[in-house]
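Accompanying notes for the structure given below.
As the structure is a computational prediction, the values presented were derived from the model and not from experiment. Heavy-atom basis, side chains included; hydrogens, waters and symmetry copies ignored. In what follows, chains are A, B, ... by sequence order, proteins preceding strands, each numbered from 1.
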Amino acid sequence: MSSENGVTGEGAEGAPPEQLALIRESVRKAKVPRAKPRTWRGAALAKQLPVARVLVDKGVLHLDRYFDYAVPEELDADAQPGVRVRVRFGAGRGRVRDGRREGGGLIDGFLIERLAESDYSGPLAALAQVVSPERVLSEELLGLARAVADRYAGSLADVLQLAVPPRSARAEQRPSPAPLPPPGAPQAGSWGRYERGSAFLESLATGGAPRAVWNALPGPEWSEELARAVAATLSSGRGALVVVPDGRAVARVDAALTAVLGEGRHAVLTADAGPEKRYREWLAVRRGAVRAVVGTRAAMFAPVQDLGLVALWDDGDDSHSEPHAPQPHAREVLLLRAAQDKCAFLLGSWSCTVEAAQLVESGWAGPLVASREQVRAVAPLVRTVGDQDLARDEAARAARLPTLAWQAVREGLRHGPVLVQVPRRGYVPRMACGNCRAPARCRHCSGPLEGQESGAALKCGWCGREEPAWHCPECGGFRLRAQVVGARRTAEELGRAFPAVPVRTSGREHVLDTVPGAPALVVSTPGAEPVAEGGYAAALLLDGWAMLGRPDLRAGEDALRRWIAAAALVRGQGAGGTVVVVAEPTLRPVQALVRWDPVGHAVRELGERAELGFPPVSRMAAVSGTGEALAGFLSAVELPVEAEVLGPVPLPVTTGGGPRRVGAPPVGEQWERVLVRVPPGRGAALASALKAAQAARMAARGEGVVWVRVDPPDIG
DNA sequence: AGCACGCCGACT
DNA sequence: GTCGGCGTGCTC
């Protein structure tokens, strides 16, 4: 070890650390060249490993650089890897005031590791404070955070902000309960309904790391099935983590875990628990007192010790997408965790995303599915009402309520509650074929065509090219129509049509958890459907057009997922359960609903995405900023050679007032956006290029900010 | 981002 | 000579 860089503990006999700055001050006055490293001669430093490598928590500024600090002797014991520290961080060589050296202000950081010496050639400042001896940042969590930062071209500090909850001293003071010994292996329960279900549980219980995409049968059993997978993993002596989309799902899995495991074996991590309780639960997990976790998306980082299983429910739900930078998706984070910890992976849903299908198609995960007979036995009968039916149906055109729907509701109400799903308001209409309703796409890059004012040319939402002579590649038609919105009124009319029956509503403001099994009309927006005791007798899914006409790539998948989520609450067709969907029966998502084949739908969708160069087969990133800032960024970034830049296109100007959209430019500023697309396998190269350019831009003080978003959710 | 350092023109 | 303009670059 070199005494040149000082921090070797060699100078313990000299001046106290505060005087270091004075020493350096006099050195400077003596005009010794500054390049020569000076020593911390005289500082009372830790005798072993006197250097602390620290991640300074200061936004995007540093982009994953560590800074070395000297460890004063009195902090030696507490300054362990993983603790929160405070350090002085600021410009210049520091001023001297009252005999103390003062850099910038005190800022927070994490102690990453202790070293014998630093590779930094200047003098080291001392750690100012160890905030608490609790080692919150484990090596695994750091590795995961780093992988997530790389995947999303974000900074480590940003990811750690998502991964480590704010400290609460009171929560730290309390001792966590003593860990319980592993439970015995559970029964397979209803996992026997799936072809390889029992084998999957067996593998978990014997320490294996199976990976599966699980297409769950409709009905309420899924939460118990998840709980049994957790129990099997615990019985192997390992920990397990379950991430679900919302508080209602957490409550279901929580109850199932209590039923299967008993009290005290699992923690619940949700954002709405309040900071102290949340940190207390998190600490119990970190300390190894609790080995099983269920929670919403922030729990994806839960520091479960000796992780044996990560499980995710309903990855198509967009609440799995973290809104804070760098906006990681729970599915991708859990994929990274499964790879890093070599643990089992379970991705379950009633429906199926293209990403899930890709995991199976690529061979990374196996399918966990029930036989067609099983599906037919538990799924409701699905019927459709398309345009032709509506055209023939004069009464329906007036009331917008088709006869078939009317009959299904009336018949259903004789046997129990009937669910009516109405879409939420607020999606942008885009252009589709007026004849067959296929979305109108750009012939160059397959982006969505956006309608201008009537008469004006169509323009691509991705590359900005005009389309002067569009015709439909599906049916040859060349009439366009904007997709229409609006359905709440239909439900109100429905309520008036059945005056003897109570109408209950469940939506954003007021979400019902369950409804009794008595006849009632239950009007709900997607995602807010209450569970009915004994299942709904029937469900009516209104305005499929609105759902399918949504601008983004996932319109079909999303519509199917929402329909299936509602239909999964309906009794099986053997028990008379019926679903009526008002949508064209020739459309692919509608057919998939009728056949109850979400996996087949996702597989076909995946094939198409591969052909068109869409994610998740290729990877995309969106970069946005003012025209000037964007141009500057694009001229500086060294993209992988395969990368394709689409655009720029102007973004809609954010207007003041009303709810601010996440990811929208500052109010009143005209921003532009490009999409960058790379082929399979080049995602990491793309992310690293974008990150490097961002970092260089910060250092060079480039004009204006650009936002980088890997896996943009709204690509048309 | 702050903040100090440094290399140029007008002042006691 | 030296006080201080803001252009550059660093922060352990």
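Atom CG in A:Leu55 sits about 14 Å away from atom P in C:dC12, given to the nearest Å. Rounded to an integer number of Å, the gap from CG of A:Leu115 to C1' of C:dC12 is 12 Å. Following rounding to the nearest Å, A:Phe67 (CZ) and C:dT11 (P) show an atom-to-atom distance of 7 Å. Put simply, CD1 on A:Ile107 is 12 Å from C1' on B:dG2, counting in whole angstrom units. As a whole-Å value, the separation of A:Phe89 CZ from B:dA4 P is 15 Å. What separates CG of A:Asp68 from P of C:dT11 is a distance of 12 Å, to the nearest Å. The CZ-C1' distance, from A:Arg65 to C:dG9, rounds to 12 Å in whole Å. One can place CZ of A:Phe110 at 18 Å from C1' of C:dC12, the figure rounded to the nearest angstrom.
Taking the 5.5 Å centre cut-off and the 30° plane limit, the aromatic side chain of A:Tyr120 is classed as stacked on C:dC12.
A salt bridge links A:Asp76 with A:Arg114: the distance from a Lys NZ or Arg NE/NH1/NH2 to an Asp or Glu carboxylate oxygen falls below 4.0 Å. Using a 4.0 Å cut-off between charged nitrogen and carboxylate oxygen, A:Asp57 and A:Arg84 do not count as a salt-bridge pair. Taking 4.0 Å as the cut-off between side-chain N and carboxylate O, A:Arg53 and A:Asp119 count as a salt-bridged pair.
A:Gln305 has its side chain out of reach of A:Glu140: every pair of non-hydrogen atoms, C-beta onward, lies at least 4.5 Å apart.
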